[in-house]
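Have a look at the structure below before the remarks.
All ligand and atom numbering here is 1-based and tracks the order in the structure. By convention here, the first residue in the shown sequence is residue 1. Note that the structure is a prediction, hence the values are computed from the model and not measured.
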Amino acid sequence: MAAGGWIARHVVRDLPPSYVAAYAQFHHGPILVANVAVHNWKAFAKLGIAAAHWFDGFGFFVNLRQPMKIDGAPVPFDPSKPAMLTFYVGFPQSGVPIDRQTSGARGVLFGTSYVDFEMQIRRQLQQMLGSAGFDAKRDIAGIVFNRWGHAYIAPQPGFYFGTPGNQAPLEVVRERYGRISFGHSELSGRQSWGRAAQESRRALKQVLEVI
Ligand SMILES: Cc1cc2nc3c(=O)[nH]c(=O)nc-3n(C[C@H](O)[C@H](O)[C@H](O)COP(=O)(O)OP(=O)(O)OC[C@H]3O[C@@H](n4cnc5c(N)ncnc54)[C@H](O)[C@@H]3O)c2cc1C
């Protein structure tokens, strides 16, 4: 089973209770990825920054992307030229239990219209960069949103090493169940390509034991 755990746990319908209990401890936070095309990035250059991090407002960081390199088409890293900005936006709610927090955040992610997210991004950029000459109306060329429902596993205490008398949930799910092995990225506690490859290699070896 190479699909993410939030899918795999439903596809394998006869999972034993120990796996069901272990999967119930996998919580995934969502992320809105916003790519904002700007006609220029002079305001960043004026401030002497290529990225910004903030602790209130919409999102928490933005960074300027290095222009894509294409053979034979040099793209100078020049503040007066167009560029892409990337925002990763989570929707944390401090103090709310982890399961309600992650599902509530998904509700916000999928329940918010494009135009509402667009206005929030525009306001955030205007507030941060306006004094350096940025004008959202003039300088933003386009915005693309990707709504990523299960972006990052959010491991709680006990996730990696278990609790007294209880195996870690990722150790439970990593065990082969009959002819089925689970080999998706968050079984390492992180969602990344390298971890996905590592877990799939382990799962494949387990399956080869019984084929
Ligand atoms: C926007 C974005 C940016 C990322 N950036 C990075 C990065 O910079 N660096 C990095 O290392 N990682 C990054 N990742 C994470 C990385 O891509 C994933 O963690 C990794 O690809 C997950 O691999 P996987 O094999 O576990 O699952 P996936 O690659 O999601 O594969 C699961 C497969 O299962 C299929 N599937 C689902 N349901 C079923 C079903 N019912 N029946 C049959 N097939 C099904 C899906 O179609 C999919 O092909 C990013 C991910 C996203 C979405």
- Any protein heavy atom under 4.0 Å from atom 11 (O) of ligand 1? yes

- Query: Under 4.0 Å from atom 32 (C) of ligand 1, do we find at least one protein heavy atom?
  - Reply: yes

- Task: Inspect the contact between K205 and E209 and indicate whether a charged nitrogen and a carboxylate oxygen are less than 4.0 angstrom apart.
- Result: no

- Task: Kindly state if atom 52 (C) of ligand 1 has a protein heavy atom within a strict 4.0 Å cut-off, that is, under 4.0 Å?
- Result: yes

- Message: Quick check on atom 46 (C) of ligand 1 - does any protein heavy atom sit closer than 4.0 Å to it?
- Response: no

- Separation of Y23 OH from H10 NE2 (nearest 0.5 Å): 10.0 Å

- Query: Side chain or backbone of S200 under 4.0 Å from ligand 1, or both, or neither, by non-hydrogen atoms?
  - Reply: neither

- Task: Scan the protein's non-hydrogen atoms and note whether one is under 4.0 Å from atom 23 (O) of ligand 1.
- Result: yes

- Query: Any non-hydrogen protein atom below 4.0 Å of atom 49 (O) of ligand 1?
  - Reply: no

- Note on the structure: Any heavy atom of A196 under 4.0 Å from ligand 1? The part involved is side chain

- Query: With a 4.0 Å cut-off, strictly under, does atom 26 (O) of ligand 1 pick up any protein heavy atom?
  - Reply: yes

- Taking atom types as modelled, is there a side-chain donor on Q206 or R202 under 3.5 Å from an acceptor on the other? yes

- Can a protein heavy atom be found under 4.0 Å away from atom 40 (C) of ligand 1? no

- If hydrogens are left out, which of E199, R190, Q191 has an atom nearest to atom 15 (C) of ligand 1, that is, the closest non-hydrogen atom? Q191

